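A short worksheet on the structure shown next.
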Amino acid sequence: MITKSYKIVNEQGLHMRPAGLVAAELGKFQSEVTIKFNGNDVNAKSIMNLMAACIKCGSEIEIIFNGSDEQQASEKFEELYANNFGD
C-alpha cells in the first residue's frame with residue numbers, strides 16, 4: 001500500500017475534465033485507488049465519485065494505492081498532478 005498527500009492547486013479543483021482524466025488513467029490499473037477527503041473515501045477511478053466529492057483548489061487530499069500495480073498507479077497520478085491534470 002502506498003499513501004501520499006497532495007494539495008490541489010488547479011484553480012478550478014477537480015472539475016469535470018481533470019476528474020475524467022484522473023478516472024480514465026487510473027482505471028487502467030488493477031490496484032484500488034482511494035482518495036480521502038473531508039472524512040470520506042472516494043473511488044478515484046470513478047468520475048462521478050470524484051466530481052461529487054467537490055475537491056476544490058487548496059484542498060488537501062490523501063490518496064491510497066493498494067494492489068499489484070500500486071507503484072505504477074502512484075507514478076501515473078504523480079505525472080497527472082505535476083501536469084496540473086491537463087489544465
Side-chain angles (χ1 to χ4, degrees):
M1 181 166 46
I2 299 171
T3 302
K4 295 185 178 185
S5 296
Y6 294 91
K7 181 175 184 177
I8 301 301
V9 295
N10 184 314
E11 281 186 21
Q12 297 177 6
L14 287 182
H15 62 92
M16 188 170 180
R17 188 169 9 99
L21 180 62
V22 168
E25 290 298 319
L26 294 180
K28 297 175 182 177
F29 298 95
Q30 291 181 341
S31 296
E32 292 181 17
V33 185
T34 304
I35 294 176
K36 291 192 172 283
F37 176 66
N38 278 348
N40 296 313
D41 290 350
V42 179
N43 178 356
K45 295 181 176 184
S46 167
I47 186 173
M48 298 304 288
N49 288 347
L50 287 172
M51 291 181 59
C54 296
I55 302 172
K56 306 287 185 202
C57 182
S59 296
E60 299 279 343
I61 65 168
E62 181 179 49
I63 186 163
I64 301 164
F65 305 89
N66 191 16
S68 61
D69 55 1
E70 61 192 27
Q71 184 62 43
Q72 294 88 346
S74 171
E75 290 169 3
K76 176 51 81 174
F77 185 84
E78 188 72 36
E79 177 186 321
L80 295 172
Y81 182 80
N83 291 316
N84 204 27
F85 304 110
D87 275 353

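Note that the structure is predicted; figures quoted are calculated from it, not measured.
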Tell me, please, which residues at least two apart from [X] pass side-chain hydrogen bond (donor to acceptor under 3.5 Å, both in side chains).
| X | value |
| --- | --- |
| K76 | E79 |
| N84 | none |
| S74 | K4 |

query = Are L80 and V9 grouped together when hydrophobic residues (ILVMFWY) are joined by side-chain heavy atoms under 4.5 angstrom apart?
reply = yes

For this session: Answer with yes or no whether the hydrophobic clustering places I64 together with V22; edges join I, L, V, M, F, W, Y residues whose side-chain heavy atoms lie under 4.5 Å apart.
Result: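 Hydrophobic grouping puts I64 apart from V22.
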
Pairwise salt bridge (Lys or Arg N to Asp or Glu O under 4.0 Å) hits with a residue in residues 8-17, at least two apart: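 Sorted pair list: R17-D87.
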
Tell me which pairs pass salt bridge (Lys or Arg N to Asp or Glu O under 4.0 Å) where either residue lies in residues 33-53, with sequence neighbours left out.
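Qualifying pairs: K36-D41.
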
Write out all pairs satisfying ring pair (Phe, Tyr, Trp, His ring centres under 6.0 Å) with one or both partners inside [range], taking only residues at least two apart or from two chains.
| range | result |
| --- | --- |
| residues 46-76 | none |
| residues 25-63 | none |
| residues 2-26 | Y6-F77, Y6-Y81 |

For N66, what residues pass the side chain to side chain contact (heavy atoms under 4.5 Å, CB included) criterion, not counting sequence neighbours?
->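 Counting only residues at least two positions away or on another chain, N66 forms a side chain to side chain contact (heavy atoms under 4.5 Å, CB included) with M1, E70.
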
Sorted by chain and number, sequence neighbours left out, side chain to side chain contact (heavy atoms under 4.5 Å, CB included) with Q71 holds for I2, E75

Considering only distance and modelled atom types, tabulate donor-acceptor pairs under 3.5 Å from the side chains of residues 47-63, sequence neighbours left out.
from	atom 1	to	atom 2	distance (Å)
S59	OG	K56	N	3.1
S59	OG	K56	O	2.7

#### Entry: Contact list for residues 20-31, test side-chain hydrogen bond (donor to acceptor under 3.5 Å, both in side chains), sequence neighbours left out
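Qualifying pairs: E25-K28, Q30-S68, S31-D69.
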
* Asked: When rounded to the nearest 0.5 angstrom, what distance separates CD in E78 from CG in N83?
  ->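 Taking CD in E78 and CG in N83, the distance rounds to 10.5 Å.
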
Could you tell me which non-hydrogen atom of G13 sits nearest to which non-hydrogen atom of P18, and how far apart they are?
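Scanning both residues, the minimum pair turns out to be O-CG, 3.9 Å.
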
